[in-house]
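In this chain, numbering begins with 1 at the start of the sequence shown. It should be emphasised that the depicted structure is a prediction, and the values quoted were computed from it without experimental measurement.
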Amino acid sequence: MLTVRAPATSANLGSGFDVFGAALGHPADVVRVERASETTISVTGAGAEFVPTDPSENTAGVVARELDAPAHIRIDKGVRPSSGLGSSAASAAGAAVALNELYDRGLSDEELVRLAAEGEAVVSGEAHADNVAPSILGGFTIVTDDGITTMDADLPVVVCLPDIVVSTRDARGVVPETVGMDQLVETVGNASTLVAGMARDDPELVGRGLTDPVVTPARAELVDGYDAVTEAAREAGATGVTISGAGPGVLAVCRHRGQRRAVASAMVGAFADEGVDSFAYQTEI
Ligand code: HSE
């Protein structure tokens, strides 16, 4: 029996749509694997009822099949499905790392990321390694077709999860197909600022770099209360706010750890004022 903890992740970080991702201190999925003649999956924990246990429909099951590594896989979900925190990616990442070890397959980190992304693709329809990469590698990751760059990072954040359902399919459906030159220039500037901020663990720069003129404004329409929550988080001291992954989670970067409580309570309060229940994690990248 082998046990792996696979952290929740926040993809995009505003200006890095389908490119940036960051591992969060918590929550996390815990994946346990044991050799078996055929793969079975059991799921407990947050939103377990929404996670398929048929191995061909579960990201971890697909990873086991692709790796030819049949196993009893037990997933304890800490990462709620459809939260914007890379829930299916965490299970795929945990399974890839655990089964690689259990069967001594010797895959490199980058191969594990590609394998886990395939698992996610079969279930979600499209492969985006911006969640599986940080779940496997930790820290802040930059994923492109040419490779994966990783950086250590240490930033206090709050992620607020509203009780709203936004499917990744819908969230991708509202993304504009083209961008203007002004938007491109602004996005490149913000993404560059964010990377510099990550390198320096500077919450002011990272907060500034979270701003995105294209994808986030379109997706904000799907998250009731997004503008009010953003404003409340900023008033409580957050340096920047954006949608986590495809949403509906909302991520706020804080100046220091002690500020997270006030930011979390401001965000939950703002959602409540809009009639939306929510829950906030005080965590770190
Ligand atoms: N980059 C992806 C998106 C993450 O925002 O749609 C979710 O798969």
Side-chain angles (χ1 to χ4, degrees), residues 5-14 20-30 43-51 59 75-91 93 120 124 128 130-131 134-135 155-172 174 207 210 215-216 219-234 236 238 240-254 257 259-285:
R5 177 183 183 278
T9 50
S10 188
N12 303 331
L13 302 175
F20 293 163
L24 302 177
H26 66 273
D29 280 5
V30 175
V43 185
T44 53
E49 64 275 27
F50 302 113
V51 181
T59 55
I75 305 170
D76 188 15
K77 296 295 300 172
V79 190
R80 199 181 84 187
S82 301
S83 56
L85 293 181
S87 178
S88 58
S91 297
E120 237 208 313
S124 69
H128 304 291
D130 52 354
N131 283 114
S135 194
L155 286 171
V157 298
V158 170
V159 187
C160 191
L161 301 189
D163 199 0
I164 297 172
V165 176
V166 176
S167 75
T168 301
R169 186 182 296 270
D170 289 348
R172 293 192 79 80
V174 300
L210 287 180
V215 180
T216 309
R219 288 181 163 180
E221 304 290 325
L222 304 176
V223 182
D224 296 340
Y226 179 77
D227 290 341
V229 170
T230 301
E231 199 179 316
R234 285 184 180 280
V241 183
T242 192
I243 294 176
S244 181
V250 181
L251 173 88
V253 172
C254 301
R257 285 178 154 62
Q259 195 179 55
R260 291 178 298 193
R261 184 187 291 265
V263 170
S265 129
M267 294 172 84
V268 169
F271 267 128
D273 289 345
E274 303 286 325
V276 178
D277 287 337
S278 67
F279 170 84
Y281 291 104
Q282 298 174 45
T283 183
E284 54 281 318
I285 286 176

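- Atom OG1 of T216 sits about 5.5 Å away from atom OH of Y226, to the nearest 0.5 Å.
- Between N12 and T242 the shortest side-chain heavy-atom distance does not fall below 4.5 Å.
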Compile the donor-acceptor pairs under 3.5 Å between side chains in residues 243-253 and protein atoms, sequence neighbours left out, one pair per line.
unit_1, atom_1, unit_2, atom_2, d
S244, OG, S10, OG, 2.8
S244, OG, G84, O, 2.8

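- Within the 4.5 Å cutoff, the side chain of D224 has no heavy atoms near those of the P162 side chain.
- Judged by distance alone, with hydrogens and angles left aside, the side-chain atoms of R234 form no donor-acceptor pair with the main-chain N or O of E231 at under 3.5 Å.
- Residues E274 and G225 approach most closely at CG-CA, 3.7 Å, considering heavy atoms.
- In this structure, R219 has no salt bridge (Lys or Arg N to Asp or Glu O under 4.0 Å) partners at least two apart in sequence or on a different chain.
- For the atom pair OG of S82 and CG of L161, the computed distance is 11.0 Å after rounding to the nearest 0.5 Å.
- Atom CD1 of I75 and atom OG of S87 lie 9.0 Å apart (nearest 0.5 Å).
- Counting all heavy atoms, side chain and backbone alike, V51 lies closest to P81 at CG2-CG, 3.8 Å.
- Between T59 and S91, the shortest heavy-atom contact is OG1-CB, 3.7 Å.
- When all heavy atoms of R260 and T283 are compared, the pair lying nearest together is NH1-O, 2.8 Å.
- Between H26 atom NE2 and Q282 atom CD the span is 7.5 Å, to the nearest 0.5 Å.
- Taken from CG in D130 to OG in S135, the straight-line distance is 12.0 Å, to the nearest 0.5 Å.
- For the atom pair SG of C160 and CE of M267, the computed distance is 5.0 Å after rounding to the nearest 0.5 Å.
- Contact of the V268 side chain with the S278 side chain is registered, since non-hydrogen atoms from C-beta on lie closer than 4.5 Å.
- Taking R261 as the reference, nothing meets the salt bridge (Lys or Arg N to Asp or Glu O under 4.0 Å) condition, with sequence neighbours excluded.
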Go through it in stages, so that I can follow the logic: the residues are L210 and V241, the test is side-chain contact (heavy atoms from CB on, under 4.5 Å), and I'd like the CA-CA distance, side-chain angles, deciding distance and then a yes or no. CA-CA 7 Å; L210 287 180; V241 183; 5.6 Å; no
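- Taking all atoms of both residues into account, the shortest heavy-atom contact from A171 to V166 is CB-CG1, 4.0 Å.
- For the pair D29 (side chain) and G78 (backbone), a donor-acceptor distance under 3.5 Å is present.
- Residues D76 and T44 share a closest heavy-atom pair of OD1-OG1, 3.2 Å.
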